[in-house]
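To start, the structure itself, in structure tokens.
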Number of protein chains: 2
Amino acid sequence: MIQKKMSVAGRLWIEIDGNNFLGSGRIELLEKIETLGSLRKAAISMGLSYRKAYYAIRSVNELAPSPLVELKQGGKGGGCAKLTATGRKYMLAYHEIAQQFVIFLTKHSKAL
Amino acid sequence: MIQKKMSVAGRLWIEIDGNNFLGSGRIELLEKIETLGSLRKAAISMGLSYRKAYYAIRSVNELAPSPLVELKQGGKGGGCAKLTATGRKYMLAYHEIAQQFVIFLTKHSKAL
DNA sequence: AAACGTTATTCCCTTTGATGAATAACGCAG
DNA sequence: CTGCGTTATTCATCAAAGGGAATAACGTTT
């Protein structure tokens, strides 16, 4: 095979005041939190260390005008993590853009 | 200022067989090479170490079906670096896509 | 043959990021 | 009031990336 496979690739994220706010990894984390109801379980399910996941969520919550994830410690089950309405809103917004981005990349890959 | 400035940002590159081939940094390096005619000067002008620049060009040349940069050692001036026709071709192709990407990002930033 | 400035390559050190372990804090259930 | 599983935080360690320095190789020019 002489002809090599060439394609256009990229990464996409949302910034707030120039700081990284939401990329694909953090979005996936939000999804897992919604499904599992626990930050620890969400992290493990992604092969992520709890600490990294925790700092990610902390950063997200601090950057945003209002928190995307509500964390509770203690209580039934030891604690829990839940998406807020804001969190679901940004998740949808990101998905929308990401979908357009895939189309963009595919289109320009074919034109190479 | 309560309202924070939110925007969509991203990075774009061309892959060959899944390997990083050309991103914005390498493209800038190609431009400097065309302008300066020297890999060392190009690297320095970007605040890049010569070694990193050299490995980048080496990787680019090895991945591509034919070299993008022609390096010559010895001779008048000690040596030189020149873009090939293939190099100019890919530089233009990348610029085209990058320009569309800027439009894409701007459009979706406004929609946030 | 000597000089010159670049390409080509190796070595070591620093720095940065990531990781795992360990532990405290918390609040409901029983 | 004890147990439980989670959130919250600190610490030491390890791997990977990056940079500077040093040096060889090269071929034209003088």
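All heavy atoms count here, side chains included; hydrogens, waters and symmetry mates do not. Naming: A, B, ... by sequence-line order, numbering from 1 per chain.
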What side-chain donor-acceptor pairs closer than 3.5 Å can you find for residues 57-65 of chain B, not counting sequence neighbours?
residue : atom : partner : partner atom : Å
B:Asn61 : OD1  : B:Leu68 : N            : 2.7
B:Asn61 : OD1  : B:Val69 : N            : 3.1
B:Asn61 : ND2  : B:Val69 : O            : 3.0

d(CD1, B:Ile44; P, D:dA21) in whole Å: 12 Å

Gap between atoms CG and C1', on B:Leu36 and C:dT6 respectively (whole Å): 14 Å

Per A:Lys52 side chain, nearest of listed nucleotides C:dA18, D:dT29, D:dG20: C:dA18

Listed partners of B:Phe21 passing ring-ring contact (aromatic ring centres under 6.0 Å, His included), at least two apart: B:Tyr90

Any residue meeting side chain to side chain donor-acceptor pair (under 3.5 Å) with A:Glu31, in chain and number order, not counting sequence neighbours: A:His95

Partners passing salt bridge (Lys or Arg N to Asp or Glu O under 4.0 Å) against A:Glu96 (at least two apart in sequence or in another chain): none

Find every protein N or O atom lying less than 3.5 Å from an N or O atom of nucleotides 8-13 of chain C, and list the pairs.
residue : atom : partner : partner atom : Å
C:dT9   : OP2  : B:Tyr54 : OH           : 2.7
C:dT9   : OP2  : B:Arg58 : NH1          : 3.2
C:dC11  : N4   : B:Arg51 : NH1          : 2.6

5'-most by nearest nucleotide on DNA chain D - A:Lys41 or B:Ser49: A:Lys41

Pair B:Tyr94 + B:Phe101: ring centers closer than 6.0 Å: no

Interatomic distance, B:Ile57 CD1 vs C:dT6 P [rounded to whole Å]: 17 Å

With B:Lys52 via salt bridge (Lys or Arg N to Asp or Glu O under 4.0 Å) - residues at least two apart: none

5' precedence on DNA chain C between A:Gly78 and B:Gly75 (nearest-nucleotide basis): B:Gly75

